[in-house]
Amino acid sequence: MRNHFVSLFPSHAERGPSPSRRRVVFLTVLLLLAGLCSLGVIRVVHADSLPQVHLNADSIGPRPIEELTGHNVTRDYANAWRDLAQALEKDQPDLLNAYFTGFAKDALLKKISEQKKTGVHTRYVDHGHQLKAFFYAPDGGEMQLLDKAQMEEQILDGDKVIHRENSTQQYLVLMTPGADRWFVRSLEPVPASFGQ
Amino acid sequence: MRTITHLMLSVLLAAMASAADLRPPAQVTAGSAFSISSSGSGDATFYLVGPSHVLKRQVKLGQAIAVDGDHVQTSGRYLAIACGSDGCSSAPFYVVAGEPDRLSFLLHPSRVPVSRGDAINATAFVFDKFRNLVLKPVTVDFRITPKTGAPFTKTVKSDRGVAWMKMASTPKEGPVKVIATVASAAEPRIIQQVASDACNLRIRASRTAKSVLIETDPVRDCSGNAVPDGTIVSFTAIDSNGKTTVDAPIKKGVARAELPLTGGARISVASGVVIGNEITVGGRS
């Protein structure tokens, strides 16, 4: 019994490394753990963080945009892209409920349903959006925008990446106001020549 | 020698086994069947990934890959991907909306006062039969039919799928029908024009035993439309006891109120921001 204690808690004389060396080992392990944790934290923050969205409403018409409206559109469009990326990567249609409606939501729901059937899914690594608002209906009921999105698109079949592309993609966006937020009603990828 | 031959064969096979080349059309109309030509040989997995669609099936490389129109009903960017034994290759292409077939039409507001400039807003979104926004410019007609007077049409070219216009309300109250049309699609909406503010608001008074009965002339706006029943008219009397205000709704075109006045008083009338005439009762003219 005594031997067990000895082996588990060796006496000072039996201990190999000196206290200073143990301190170094302990600190190294601590630093490694901290590093791993920080990487994990960074990943979590990255997954949940909002994409960068910059709105340019210099050429909007016929209705001018109020500063608060511009702020809300920017915020809600960023939220919409965060949800879209997560919904498509995790095949979770519920994530589209907060910021998508109408045709945009229907199309994405259909895509997620077919992703589930085929085992293929899409992953976006979002590098930011340059949003240009050009139409704001006179009654304030609809806003049309053109988004130049910088992103990496990965198509995966199961865990295997079958396509990877880092590009600038243009989207024609229609947003409509709800009770407390702006919804993405239409999100259509358009060629780079569009709008020029 | 055998090793060298094996090495050369391997290099040759590796060179031949480059990833298959896919050549989709640059542009496809939504809902139209098409084919993608491919190079290479052997079996491959073909993927078609679009805005609302994901297709996966086996194909033979070196042959045309037929794609049904059902798989490209949503406009936008698609990726065709083929994965064979030697890796994957991909090619993007765009699906564009077909001919205009549907309209989404918004007309605001639902009620509007007569003769008000730029008070009516009409916005129409042009879609094809698969509900893709038609981005090429198309002509949208807004046909306006007032309750009285001749119908007229405003023609607008759509810009990036949207056609909109503003117009003044017409001088006569009643329903105004606006029909937005593009190709064979027509979307009607009705807007109710109501009388504007009262104009030339006038009152007259008659004395009873214990009070004064005040009554307006028929309340009309400046275009002669009857101001709707229920609109509030305020009567204010100032006499030796101070100021008294009575609100009365218009009923059958006129507003009435009975003011408990025994002595002389000055009575005025107002409706909204409009002030009418002022009269004096009690022997002082």
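Residue numbers begin at 1 in each chain, while the letters A, B, ... track the order of the sequences. As the structure is a computational prediction, the values presented were derived from the model and not from experiment.
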Checklist entry - Can B:Arg160 be said to sit on top of A:Phe134's aromatic six-ring, NZ or CZ under 6.0 Å from centre and within 45° of the ring axis? => result yes

Checklist entry - Contact part of B:Asp118 toward chain A, heavy-atom cut-off under 4.5 Å: side chain, backbone, both or neither? => result neither

Next on the checklist: Taking CD in B:Gln192 as the centre, count heavy atoms belonging to other residues, nucleotides or ligands within less than 6.0 Å. Is the count above 12?
Outcome noted: yes

Next on the checklist: For A:Glu153 and B:Arg77: C-alpha separation, side-chain torsions, deciding distance, then whether side chain to side chain contact (heavy atoms under 4.5 Å, CB included) applies.
Outcome noted: CA-CA 12 Å; A:Glu153 184 183 18; B:Arg77 188 175 188 260; 3.7 Å; yes

Item to check | Evaluation steps, side chain to side chain contact (heavy atoms under 4.5 Å, CB included), between B:Ser75 and A:Glu188 | outcome: CA-CA 7 Å; B:Ser75 59; A:Glu188 181 176 338; 2.8 Å; yes

Checklist entry - Looking at CD of B:Gln73 and NZ of A:Lys110, how far apart are the two atoms once the value is rounded to the nearest 0.5 Å? => result 6.5 Å

Item to check | Interatomic spacing from CD1 in B:Ile81 to CD1 in A:Ile162 - rounded to 0.5 Å | outcome: 4.0 Å

Next on the checklist: With rounding to the nearest 0.5 angstrom, report the NE2 to SG distance, A:His163 to B:Cys83.
Outcome noted: 10.5 Å

Checklist entry - Among B:Thr74, B:Leu135, B:Leu133, which has the most heavy-atom pairs under 4.5 Å with chain A? => result B:Leu135

Item to check | side chain to side chain contact (heavy atoms under 4.5 Å, CB included) evaluation trace for B:Val162 with A:Glu142 | outcome: CA-CA 10 Å; B:Val162 185; A:Glu142 307 86 30; over 6 Å; no

Next on the checklist: At a heavy-atom distance under 4.5 Å, which candidate from B:Thr123, B:Asn132, B:Val95 has the highest pair count against chain A?
Outcome noted: B:Thr123

Checklist outcome for this item: Partner of A:Glu114 under side-chain contact (heavy atoms from CB on, under 4.5 Å), picked from B:Leu55, B:Val54, B:Val49, is B:Val54

Item to check | side-chain contact (heavy atoms from CB on, under 4.5 Å) partner of B:Tyr47, the single match among A:Thr118, A:Ile155, A:Asp157 | outcome: A:Asp157

Next on the checklist: More than 12 heavy atoms of other residues, nucleotides or ligands under 6.0 Å from CD of B:Gln58: yes or no?
Outcome noted: yes

Checklist entry - Under 3.5 Å, side chain of A:Lys111 to main-chain N/O of B:Gly50, donor-acceptor pair present? => result yes

Next on the checklist: Quick check on A:Leu174 against chain B: is it the side chain, the backbone, both or neither that has a heavy atom closer than 4.5 Å?
Outcome noted: side chain

Checklist outcome for this item: Value for CD (A:Gln144) from CH2 (B:Trp164), rounded to nearest 0.5 Å, stands at 13.0 Å

Checklist outcome for this item: Between the OG atom in A:Ser186 and the CZ atom in B:Phe127, the distance rounded to the nearest 0.5 Å is 6.5 Å

Checklist entry - About how many Å separate SG of B:Cys88 and NZ of A:Lys160, when rounded to the nearest 0.5 Å? => result 4.5 Å

